[in-house]
2 protein chains.
Amino acid sequence: MSFMNFNKSTEYAFRILGFLALDERKIYSTDEIYNKVKIPYRYLRKQLTNLTKKGLINSVQGKHGGYRLTKKKSEISLYDIVVCMEDGVLSNECFFGYTDCHLIEKCAMHDKWEEISSSLNNLLKTMNLADITRKEYPAFF
Amino acid sequence: MSFMNFNKSTEYAFRILGFLALDERKIYSTDEIYNKVKIPYRYLRKQLTNLTKKGLINSVQGKHGGYRLTKKKSEISLYDIVVCMEDGVLSNECFFGYTDCHLIEKCAMHDKWEEISSSLNNLLKTMNLADITRKEYPAFF
DNA sequence: AGAAAATAATACCTCTGGGTGTCATTTATG
DNA sequence: CATAAATGACACCCAGAGGTATTATTTTCT
């Protein structure tokens, strides 16, 4: 049970990119992706072209087309993905939702909140697509 | 810079309840609250009756009416507030947004994600309204 | 009793995230 | 060169969060 969560589209990006990372050379069609990653078909289509525009994946058009990671899986951190997907969401707000918290004195939550959110940031920066597709772990789709 | 944040209405609840905690006996009118807590006036009104319905505050109607905490400030944890406000948001989803993650084997993110989200939970359970209004800290409004 | 000062109720507006549907374009191949 | 198999581009829908506006209701005070 948690209060933390990302946007659906960010979660979807994790799944999609994680799946593509299984074979970073291969070109996967939407249908192949669809069968593994549980995302509504139309929305998956949309997300795939989004990810392409954002530069996280390359698309190959035409027959036998599909998608593939733009970089090596070990070079794409979860942090990169989140930053890319949550552009607007990424906030400078403090615990109470104020934007100028750092300007005035620190509130009672400041340090503790900072600590947790920076350990989250670290986790995201540390983990990359190679890490989450290691064989020790079950495929997450 | 953080990816974590609560709903606006939860943040507003923190502010409002934190303000009321300054004097847990006193009945504060909407106007008094409005001048300190930066929340759009009409929306503040709405939130105040919401908080009343949810049982976090008591309202006193009529002239000289207003609002007051239902419990002692030391008895209301931030966790209580979040649970109360984010009823629908509180999720059982894993890092990748799957709901049945715990049924199958653990994914690569499971433990680390769990660790961070439980340290957040702990923080929220530990801190109460008395804590965030301690004099060492500046008023956060 | 009636005015004033407060909250309660209700209805509406707007924007965005998530999701769907249709048609256009690109490319491999028989 | 035509067709099939893929992605791209739009355009729309829906629900919920955040916010606004108006009209009731409750209570105090003179």
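Reminder, nothing fancy here: chain letters follow the sequence lines and each chain counts from 1. These numbers were taken from a predicted model, which means no experiment stands behind them.
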**Report entry** Separation of atom CG in B:L48 from atom C1' in C:dT10, rounded to whole Å
**Finding:** 17 Å

**Report entry** salt bridge (Lys or Arg N to Asp or Glu O under 4.0 Å) against A:K26, all qualifying residues, sequence neighbours excluded
**Finding:** A:E32

Query raised in the report: Can you find a side chain N or O atom of B:T30 that sits less than 4.0 Å from OP1 or OP2 on C:dT7?
Result: yes

Query raised in the report: B:F95 vs A:F14 aromatic rings, parallel, tilted or perpendicular, using cut-offs 30° and 60°?
Result: parallel

Query raised in the report: OP1 or OP2 of D:dC29 sitting under 4.0 Å from any side-chain N/O of B:H64?
Result: yes

Query raised in the report: Can you pull the salt bridge (Lys or Arg N to Asp or Glu O under 4.0 Å) pairs that have at least one residue in residues 39-56 of chain B, sequence neighbours excluded?
Result: B:K54-B:D87

Report task. Taking side-chain contact (heavy atoms from CB on, under 4.5 Å) as the test, write out the residues that go with B:E115, two or more places apart. Result -> none

Requested in this report: Can you tell me the distance, in whole Å, between the OH atom of B:Y34 and the P atom of C:dT7?
Outcome: 14 Å

Report summary line: Taken in chain and number order and not counting sequence neighbours, the residues that satisfy side chain to side chain donor-acceptor pair (under 3.5 Å) with B:S117 are none

Report task. Please determine if A:K72 and A:E75 form a salt bridge, counting it only when a charged side-chain N lies under 4.0 Å from a carboxylate O. Result -> no

Report task. Remember a base hit wins even if backbone is also touched, and classify A:G65 as base, sugar-phosphate or nothing at under 4.0 Å, heavy atoms. Result -> sugar-phosphate

Query raised in the report: In whole angstrom, what separates B:E11's CD from D:dA17's C1'?
Result: 13 Å

Query raised in the report: To the nearest Å, how far apart are B:Q47 CD and D:dA17 P?
Result: 11 Å

Query raised in the report: What are the two closest heavy atoms between A:T52 and A:L48, and how far apart are they?
Result: OG1-O, 2.7 Å

Query raised in the report: Do you see a donor-acceptor pair shorter than 3.5 Å between the side chains of B:Y41 and B:D31?
Result: yes

Requested in this report: Do nucleotides 11-25 of chain C as a string where each nucleotide becomes B, S or -: B if the base has a protein heavy atom under 4.0 Å, S if just the sugar-phosphate does, - if no protein is that close.
Outcome: -------BBBBB---

**Report entry** Closest-nucleotide 5' rank along DNA chain C - winner of A:G62 and B:Y67
**Finding:** B:Y67

Report task. Taking only heavy atoms on the protein side, list every residue of residues 49-60 of chain B lying under 4.0 Å from any atom of DNA chain C, sorted numerically. Result -> B:T49, B:K53, B:S59, B:V60

Query raised in the report: Is a side-chain donor-acceptor pair under 3.5 Å present for B:S77 with B:D80?
Result: yes

Query raised in the report: When the distance from NZ of A:K63 to C1' of C:dT29 is rounded to whole Å, what number comes out?
Result: 6 Å

